[in-house]
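Note sheet for the following structure.
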Amino acid sequence: MTALHRRPLADQAAELLLDRVRSGVWPLDHRLPGEQALATELGVGRSTVREAIRQLAGRGVLDSRQGSGVYVVSTDTADDWDEVLRRGEIVDVLEVRAALEAEAAGLATTRRTPADLRAMTTALARRGQVPATSSAADYVDADLVFHRAVVDAAHNAVLGELFATFVPRLRRAMVAMVDLDHAGEAHRHDQDAHEAILEAVRDRDAVRASAAAREHLAAVHAKVAGRDPGATGGER
């Protein structure tokens, strides 16, 4: 199992146990190992395991049977309300971000300097070099350096101030998004979308740059909302 980090240990333990159910390692009616065995495997205390089991029992996945043990009773869960709220906030942030960054990308095509291009190129390369084992926060920070470089290349003071003010909330939403996405693998594999933005800015193609920024964020929006981006063309 993956090492635990960041979020409350009980939440992480619950997610890891749920992964075993969803992947079929623990099928329906399977009896889970005892608390001590799970605690040893996860590297946490028995109280943490007990709380994780309580969470999954509350979500209808596990059932504790007195004198018998804990069993898998469902391979799926109803939407967790906290997760629904988190996804809702992320979608709101992404909608504002799309408008801001599409405008910035378009302006950057006519205002960018050689230094701006170097900053964007360096930031994109470093983003692509973030190890898969890095935390969500480390990945998001590297991603935001690139997007900040695009906004800086627009050379619009108000747009830059808006982005700077927006970054703390944007960062929180992006970290939450990556965490929700089972270590964020679906969101880490979009280097090509960022390269398309850079290439359009380099080519001084404002229409293509704005479109590339919007398409990238529309795809992220669709993933967060649980839809196939190709099914709706990226529109809500």
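Because the structure is a prediction, the values reported are computed rather than measured. Every heavy atom of this structure was used, including side-chain atoms; hydrogens, water molecules and symmetry mates were not.
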If you apply the rule side-chain contact (heavy atoms from CB on, under 4.5 Å), what do you find for Val167 with Arg148, and how did you get there? CA-CA 9 Å; Val167 160; Arg148 189 192 299 270; 3.7 Å; yes
Of the non-hydrogen atoms in Leu42 and Ala13, which two are nearest, and what is the gap between them? CD1-CB, 3.9 Å
In short, Ser64 meets Val70 closest at the heavy-atom pair OG-CG2, 3.7 Å
Check Ala14 against Gln55 and note the closest heavy-atom contact, atom names and distance. CB-OE1, 3.6 Å
Donor-acceptor under 3.5 Å (Ser210 side chain, Val207 main chain): no
Indicate yes or no: does Glu51 engage Arg54 in a salt bridge with an N to O separation below 4.0 Å. yes
Check the hydrophobic clustering (I, L, V, M, F, W, Y; side-chain heavy atoms under 4.5 Å; chains of links allowed) and say if Val21 and Leu28 are grouped together. yes
Does NZ or CZ of Arg97 come closer than 6.0 Å to the centre of the six-membered ring of Phe166, within 45° of the ring's axis? no
Check the orientation of His216 and His147. Use parallel for under 30°, tilted for 30 to 60°, and perpendicular for over 60°. parallel
Rounded distance (nearest 0.5 Å) linking atom CG of Asp141 with atom CE of Met174: 11.0 Å
Side-chain contact test, heavy atoms from C-beta onward, threshold under 4.5 Å: evaluate it for Ile53 versus Val49 and give yes or no. yes
With the side chain counted from C-beta on, respond yes when Arg50 and Ser47 share a heavy-atom pair under 4.5 Å apart, and no when they do not. yes
Using a 3.5 Å distance criterion without hydrogens, assess whether the side chain of Asp143 forms a donor-acceptor pair with backbone atoms of Val140. no
Hydrophobic clustering (ILVMFWY, side-chain heavy atoms < 4.5 Å, transitive) - are Leu144 and Leu159 grouped together? yes
Go through the steps to decide whether Thr109 and Asp205 satisfy the test side-chain contact (heavy atoms from CB on, under 4.5 Å), and finish with yes or no. CA-CA 6 Å; Thr109 61; Asp205 189 328; 5.5 Å; no
Quick check for you: to the nearest 0.5 Å, what is the distance between Ser74 atom OG and Leu62 atom CG? 9.5 Å
Mind checking what makes side chain to side chain donor-acceptor pair (under 3.5 Å) contact with Asp152, not counting sequence neighbours? none
If we only count heavy atoms from C-beta on, is the Arg111 to Asn156 side-chain gap below 4.5 Å? yes
Ala173: side-chain contact (heavy atoms from CB on, under 4.5 Å) partners, not counting sequence neighbours: Ile90, Val93
Leu16, Val61: one ILVMFWY side-chain cluster at the under-4.5 Å cut-off? yes
Work out which heavy atom in Ala52 is nearest to a heavy atom in Leu17; give both atom names and the distance. CB-CD1, 4.2 Å
For Tyr139 and Val130, work out which heavy atoms get closest and say how close. CA-CG1, 4.1 Å
In Å, rounded to the nearest 0.5 Å, how long is the span from CG of Leu107 to CD of Glu103? 4.5 Å
Taking atom CZ as the centre, does Arg204 end up with more than 12 heavy-atom neighbours from other residues, nucleotides or ligands that are less than 6.0 angstrom away? yes
Arg112 side chain to Arg202 main-chain N or O, any donor-acceptor pair under 3.5 Å? yes
With clusters built from Ile, Leu, Val, Met, Phe, Trp and Tyr whose side-chain heavy atoms come within less than 4.5 Å, directly or transitively, what are the remaining members of the cluster of Val201, listed by chain and number? Leu117, Met120, Leu124, Phe146, Val150, Ile197, Leu198
Shared ILVMFWY cluster between Val44 and Leu18, side chains joined below 4.5 angstrom? yes
Is the shortest side-chain N to carboxylate O distance from Arg127 to Asp190 below 4.0 Å? yes
Nearest heavy-atom approach of Val220 to Leu94 is CG1-CD1, 3.9 Å
Glu15 and Gln12: CA distance, side-chain angles, deciding distance, side-chain contact (heavy atoms from CB on, under 4.5 Å) verdict: CA-CA 5 Å; Glu15 193 62 36; Gln12 295 180 63; 5.7 Å; no
Let's go through Arg65 and Val73 carefully: what are the C-alpha distance in whole Å and the side-chain angles of both, what is the deciding distance for side-chain contact (heavy atoms from CB on, under 4.5 Å) to 0.1 Å, and is it a yes or a no? CA-CA 11 Å; Arg65 301 172 186 172; Val73 293; 3.8 Å; yes
